[in-house]
Trainee: 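Right, I'll just put the structure down here and ask away after.
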Amino acid sequence: MRRKKTIILTYIAMMALVPSSLCAQEPTSGNNEAATDTATFVDGRYVNRVCPDASFRQPKSGIFIIGSGPDIRVTSAFMGTPEGGTAYTDAVNEYRRRLGNNVRIYSMILPIASAYYTPDAGLQYTRDQKATIDAMYNRMDGVTGVDAFTALAWHVREPIYLRTDHHWAPLGAYYAAEAFAKAADVPFYHLSHYEERAVHQFLGTMYTVYTKDPAVGRAPEDFVYYMPLDVEYSTTAITYSLGKNRAVTGQNGPKEVNFFREYKDGSHTAYCTFMGGDSNTTKVVTSTKNGRRLLIIKDSYGNALPGYLFYSFEEIHVIDFRYFPGNVVKYINSNGITDLLFAHCISLAYSAKTGQGIQRMLNR
């Protein structure tokens with residue numbers, strides 16, 4: 001059992017190092033009532049109705065290959081329990097104590113794909129993510145927990161997770177951003193206000209880094225993302241130089257950059273579409289004027305969120321806890337931040353290193 005735990009924690013650490021970018025409001029496409037045949041909860045537990053009988057194999061411990069052919073999917077296990085993740089919840093609670101009531105604070109812990117697509121044959125190799133997320137939220141004090149798990153569950157037959165990468169797909173981030181916007185009580189716009197773009201023949205990290213499995217290599221996917229059309233915005237960034245073990249050795253900027261970066265078909269780095277990846281601090285100024293300024297503290301899952309919130313906030317600031325070298329309280333105060341969102345996938349939110357990294361930003 002000890003060896004299995006070590007392998008899982010090693011995989012989580014590896015994931016942390018993989019680099020990753022006005023008109024009338026309309027109702028969004030989410031319709032929970034209409035989707036009850038797709039996403040089923042029994043006694044609070046999600047039941048896979050999408051691919052319960054799919055084939056299942058483990059090319060290595062903690063990595064699953066589900067199904068076959070063009071719909072093949074690679075994902076990873078989650079072996080946490082509701083009693084864990086305390087370093088993260090303690091860190092988020094410390095932000096509430098330090099910031100007082102001047103800043104609205106939200107946490108959005110994001111499930112990984114195994115939460116929804118693990119077939120019956122693989123359930124013994126992973127654990128219930130929703131139970132752990134709910135327990136972590138329950139330990140937070142004065143922080144709004146955003147239920148991204150349920151928001152995503154209603155759309156599991158849509159391409160909300162990448163099949164060949166450890167990240168979610170931009171469409172999944174759209175539904176999670178919608179859940180956050182509702183919790184924050186800010187406007188949120190339908191995808192009809194976005195331009196759809198795609199990088200074709202995408203093979204992500206689950207192929208290029210973790211498996212090199214030939215069956216996965218024969219099943220590339222489209223990396224589809226969405227650019228807002230009906231809002232003006234400008235983006236500036238401080239970019240960090242990285243040395244050994246991806247430690248920050250210097251910085252450049254701030255300078256004006258493109259929020260969305262373009263990648264050619266077949267690029268395995270298409271997830272860097274958003275802000276060019278993780279090793280920067282980004283500020284977006286929008287034409288939305290409502291006095292709300294958002295800071296997102298995130299891992300690479302959070303990169304796909306800000307582009308859906310340009311209609312919701314007049315400024316959006318994005319920092320990655322692994323690279324930001326400054327004092328976050330000073331940053332919040334100097335930029336007049338009104339809303340703070342912690343956005344991390346469950347694999348990293350559960351890791352003590354993540355909680356420690358978030359805590360360190362308070363004390364520099």
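Numbering of residues begins at 1 and proceeds along the displayed sequence.
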Trainee: Testing the 3.5 Å rule here: is there a donor-acceptor pair between the side chains of D278 and N303?
Mentor: yes

Trainee: Can you list the residues that meet the side-chain contact (heavy atoms from CB on, under 4.5 Å) rule with A148, with sequence neighbours excluded?
Mentor: M108, L110, A176

Trainee: Evaluate the ring planes of F313 and F180, with Trp represented by its six-membered ring, and classify them as parallel (under 30°), tilted (30 to 60°) or perpendicular (over 60°).
Mentor: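 Answer is parallel, since the angle falls under 30°.
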
Trainee: Going by salt bridge (Lys or Arg N to Asp or Glu O under 4.0 Å), name the residues that satisfy it together with D134, two or more places apart in sequence or in a different chain.
Mentor: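 Partners of D134 by the salt bridge (Lys or Arg N to Asp or Glu O under 4.0 Å) criterion, ordered by chain and then number, come out as K130.
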
Trainee: Taking a hydrophobic cluster as the set of Ile, Leu, Val, Met, Phe, Trp and Tyr residues connected by side-chain heavy atoms closer than 4.5 Å, whether directly or through intermediates, do M227 and L191 fall within one such cluster?
Mentor: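 M227 and L191: one cluster.
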
Trainee: Just checking, any donor-acceptor pair under 3.5 angstrom between side chains of Y331 and H317?
Mentor: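 Their side chains do contain a donor-acceptor pair, which is all the 3.5 Å distance test asks for.
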
Trainee: My understanding is that only residues two or more places apart in sequence, or in another chain, count here; which of them pass salt bridge (Lys or Arg N to Asp or Glu O under 4.0 Å) with R96?
Mentor: none

Trainee: Excluding sequence neighbours, so at least two apart, what forms side-chain hydrogen bond (donor to acceptor under 3.5 Å, both in side chains) with S312?
Mentor: none

Trainee: Which residues satisfy the side-chain contact (heavy atoms from CB on, under 4.5 Å) test with T132, sequence neighbours excluded?
Mentor: F78, P82, M136, I346, Y350

Trainee: Could you work out, with ring pair (Phe, Tyr, Trp, His ring centres under 6.0 Å) as the rule, every residue matching Y116, not counting sequence neighbours?
Mentor: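 Ring pair (Phe, Tyr, Trp, His ring centres under 6.0 Å) list for Y116, sorted by chain: Y46, F149, Y161.
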
Trainee: Mind checking salt bridge (Lys or Arg N to Asp or Glu O under 4.0 Å) for D165 and listing every partner two or more places apart, or none if nothing turns up?
Mentor: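 Salt bridge (Lys or Arg N to Asp or Glu O under 4.0 Å) list for D165, sorted by chain: empty.
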
Trainee: Apply ring pair (Phe, Tyr, Trp, His ring centres under 6.0 Å) to Y117 and list each qualifying residue two or more places apart in sequence or on a separate chain.
Mentor: none

Trainee: Can you list the residues that meet the ring pair (Phe, Tyr, Trp, His ring centres under 6.0 Å) rule with H268, with sequence neighbours excluded?
Mentor: none

Trainee: Aromatic rings H344 and Y88: how do their planes relate, parallel, tilted or perpendicular, breaks at 30° and 60°?
Mentor: perpendicular

Trainee: Report yes or no: do L152 and F41 belong to one cluster of Ile/Leu/Val/Met/Phe/Trp/Tyr joined by side chain heavy-atom distances under 4.5 Å?
Mentor: yes

Trainee: How about NZ on K330, more than 12 heavy atoms from neighbouring residues, nucleotides or ligands closer than 6.0 Å, or not?
Mentor: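 Open.
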
Trainee: Using salt bridge (Lys or Arg N to Asp or Glu O under 4.0 Å) as the criterion, list what pairs up with R360, not counting sequence neighbours.
Mentor: none

Trainee: Only distances under 3.5 Å count here; give the side-chain donor-acceptor pairs of residues 248-257 to other protein atoms, sequence neighbours excluded, each with its distance to 0.1 Å.
Mentor:
unit_1 : atom_1 : unit_2 : atom_2 : d
T249   : OG1    : S241   : O      : 3.2

Trainee: Please identify each residue that fulfils ring pair (Phe, Tyr, Trp, His ring centres under 6.0 Å) with F310, with sequence neighbours left out.
Mentor: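 Result, ring pair (Phe, Tyr, Trp, His ring centres under 6.0 Å) vs F310: Y233, F259.
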
